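Everything on this sheet refers to the single structure shown next.
Source: prediction; values computed, not measured.
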Amino acid sequence: VQLQASGGGLVQAGGSLRLSCKASGSSVALNYMGWYRQAPGKQRELVAAISSGGSTNYADSVKGRFTISRDNAKNMVALQMNSLKPEDTAVYYCAAHPGPIAGQTTKPRYWGQGTLVTVSS
């Protein structure tokens, strides 16, 4: 399984960015996909996850601002980030797992390279 993330960049607070992740591999491996982020000096945290059926879950800190979506036919997952805040600054990682990505304890089996999101105040 390979995951290729893109779409990071520099944006002002209040702005928007859209991250994309192109995946290749078996459909089982891509059953659940998600976005994690790691800010400097902090642990990696789950931002949002989505099942192949479209069920989603979000970190409380991004609810109402971020939207995760996926296109199963294209093996792609996206994260639309609106109303960005400086505290959203982090390296964002795309991940995939055969089972549910639920909460911070799941350790996804597959990871993409990170893409840096910087939100200036």
Could you tell me the separation between the CG atom of L46 and the OH atom of Y58, rounded to the nearest 0.5 Å? 11.0 Å
Begin from the C-alpha positions of S69 and V77 and carry the test side-chain contact (heavy atoms from CB on, under 4.5 Å) through to its verdict. CA-CA 6 Å; S69 61; V77 63; over 6 Å; no
R18/M81 under side-chain contact (heavy atoms from CB on, under 4.5 Å): CA gap, chis, key distance, verdict: CA-CA 6 Å; R18 183 177 178 86; M81 305 185 294; over 6 Å; no
Can you tell me which residue among L84, L17, L10, V11 is in a side chain to side chain contact (heavy atoms under 4.5 Å, CB included) with T118? L10
Measure from the side-chain N and O atoms of Q113 to the backbone N and O of A5, and report whether any donor-acceptor pair falls under 3.5 Å. yes
Any Lys/Arg nitrogen of D88 or K85 sitting under 4.0 Å from an Asp/Glu carboxylate oxygen of the other? no
When rounded to the nearest 0.5 Å, the distance separating OG1 of T89 from CG of L116 is 8.0 Å
Within-4.5 Å side-chain heavy-atom neighbours: S20 and M76: yes
Quick check: does any side chain N or O of N72 sit under 3.5 Å from a backbone N or O of S52, one acting as donor and the other as acceptor? yes
Do the numbers put R37 on top of the ring of Y93, so that NZ or CZ is under 6.0 Å from the six-membered ring centre and no more than 45° off the axis? no
With sequence neighbours excluded, residues passing side-chain hydrogen bond (donor to acceptor under 3.5 Å, both in side chains) with K74: none
Is there a donor-acceptor contact under 3.5 Å from the side chain of S55 to the main chain of S51? no
Taking atom SG of C94 and atom CE of M33, what is their separation to the nearest 0.5 Å? 4.0 Å
For Q2, look at atom CD and say whether over 12 heavy atoms of other residues, nucleotides or ligands are found less than 6.0 Å away. no
Would you indicate whether the side-chain heavy atoms of S16 and Q80 approach each other to under 4.5 Å? yes
List the atom of P108, the atom of I101, and the distance in Å for their closest heavy-atom pair. CG-CD1, 4.4 Å
pair P98-R109: side-chain heavy atoms closer than 4.5 Å: yes
Heavy atoms, side chains only, cut-off 4.5 Å: are L3 and K22 in contact? no
Decide whether Y110 and I68 are clustered together by the hydrophobic rule: side chain heavy atoms of Ile, Leu, Val, Met, Phe, Trp, Tyr closer than 4.5 Å, transitively. yes
Less than 4.5 Å apart, side chain to side chain, heavy atoms only: is that true for Q104 and E45? yes
Ring centres under 6.0 Å, that's the criterion: do W111 and Y36 meet it? yes
Quick one: pull up OG in S121 and CD in Q12 and give me the separation to the nearest 0.5 Å. 9.5 Å
Is there a path of hydrophobic side-chain contacts, each under 4.5 Å between heavy atoms of I/L/V/M/F/W/Y residues, joining L19 to F66? yes
Taking a hydrophobic cluster as the set of Ile, Leu, Val, Met, Phe, Trp and Tyr residues connected by side-chain heavy atoms closer than 4.5 Å, whether directly or through intermediates, do I50 and Y32 fall within one such cluster? no
